Participant: 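The structure that follows is given in the form of structure tokens.
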Amino acid sequence: MSSCAPRADAIDPLLRSWVESACEPQSDFPIQNLAYGIREGAVAVRIGEKYLRLKDALDARAFSGGLTVADWGSSLTSPSLNAFAALPASVRSEVRQQLAAIFANGSAARAKIEPLLCSVGASDRPEQLPFQVGDYSDFYASLHHATNVGSMFRPTNPLLPNWKHVPIGYHGRASSLVPSRTAIVRPHGQTVAHDDGPPSFGPSKLMDYELEVGFFVGTENALGSTIPVTQAWDHIFGFALVNDWSARDIQKWEYQPLGPFLAKNFATTVSSWVVTREALEPFRIAGPPRTAEDPKPLPYLDDPNGWNLDVTLEVLISSEKMRADGMVPSLISRGSLGDMFWTPAQMLAHHASNGCNMQVGDLLASGTVSGTTKESRGCLLERTWRGTEPLTLGDGTERRFLQDGDEVIMRGYCEKAGHPRIGFGECRGTVQPARGGSTR
Ligand code: MN
């Protein structure tokens, strides 16, 4: 397949919806997006500031033709997208086309569907995870992030010799994945005042976020089989925003020799609405950027027509005082997923290259998305250069790392002339004080 040919299930960029909020130019969820999530324990599709539970539309007989209840009805009443994502591609494609027809201007289904729409609304309560995630892996795919962090921890040896050959990753913890708006309690752990110790145990003082994009597996491979890099895109169901909360002081003491562990697995926030790969196809860009000096990927990772996604990503911070005073959050960074050295297809192909079986609902995250400029660095460790270049928030206070009460807001969206903006909504979490005392 050529790298940028439109697919049959692309939705006409000129199509407009009768749902008014889906037609606002700044909406993340126009009719061309049709992101999926879970609401009230059932599969829902997002349109503008509304959502529709698909089983309600099925009950109202809004779907027609080839879509029978037997094909897909039982996948809609599950509190996760797993069964829905595992439907044959032909069924999911048909659902997407019929949803576009239902929501299109002039649709005969409007009278049936409009009373079934619910408002997304504003709530401080935790949202819902879109998938039941069996396994979560986190990569380290940004050359700029790896080089920046490496130069802080190993000034003479920032980029390890394997980095441009292997998409480096580690196994995260699925049990502590949490939905957007879940409170994040500052973790306890071992930290050291001097590089060689001795350690003490207490609340982390260097709490950070990591701006990442994750993708969910929709098509499995059997244990012992692999996923060819040129087919890996078709195994991906869709994408969401991920905040890989990180305790830098715990990480610094524990990370050698086996990599991140308790510095990471106290919580990872995932956004609610999964943007399908079909909706993102117009925003594929050539990639990854490699120079003449970079090694050629080994054959199993070599994807000459491979692509990155041009997703603009932003991090904002709002302190407790800023929220009390009604101030807008402060923009901390803005970067692009298009800057990544390793593509989603390469990460997935690499993960399965040893015969590891990827299962429906598995989450693979990109690693911190950082670009070449200071303003595009996707974590505070880099953004404040380990705290040596503090940032000033809108309330006049300085930040080196996160303070209790800070809310971290991540946003992602794709923009391109001739196409409606496709967005991911938000991924939010607020840092809460550590629990108990030192004797806990
Ligand atoms: Mn990470």
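Note that the structure is predicted; figures quoted are calculated from it, not measured. When a ligand or atom number is given, it counts from 1 through the structure's own listing order. All values below were derived from every heavy atom in this structure, side-chain atoms included, with hydrogens, water molecules and symmetry-related copies excluded.
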Participant: Side chain to side chain donor-acceptor pair (under 3.5 Å) with E382: which of H145, R377, K374?
Facilitator: H145
Participant: For the pair R248 and E210, find out whether any cationic side-chain nitrogen is under 4.0 Å from an anionic carboxylate oxygen.
Facilitator: yes
Participant: Can you tell which of R399, R400, R323 makes a salt bridge (charged side-chain N to carboxylate O under 4.0 Å, His left out) with D406?
Facilitator: R399
Participant: Measure across A100 and L34 and return the closest heavy-atom pair with its distance rounded to 0.1 Å.
Facilitator: N-CD1, 3.9 Å
Participant: Is it possible for you to check whether R386 lies under 6.0 Å from the centre of the six-membered ring of F153, through NZ or CZ, and within 45° of that ring's axis?
Facilitator: yes
Participant: Is any NZ, NE, NH1 or NH2 atom of the basic residue among E389 and R383 found under 4.0 Å from an Asp or Glu carboxylate oxygen of the other?
Facilitator: no
Participant: Using a cut-off of 2.8 Å, count how many protein N, O or S atoms are strictly closer to the Mn ion (ligand 1).
Facilitator: 4
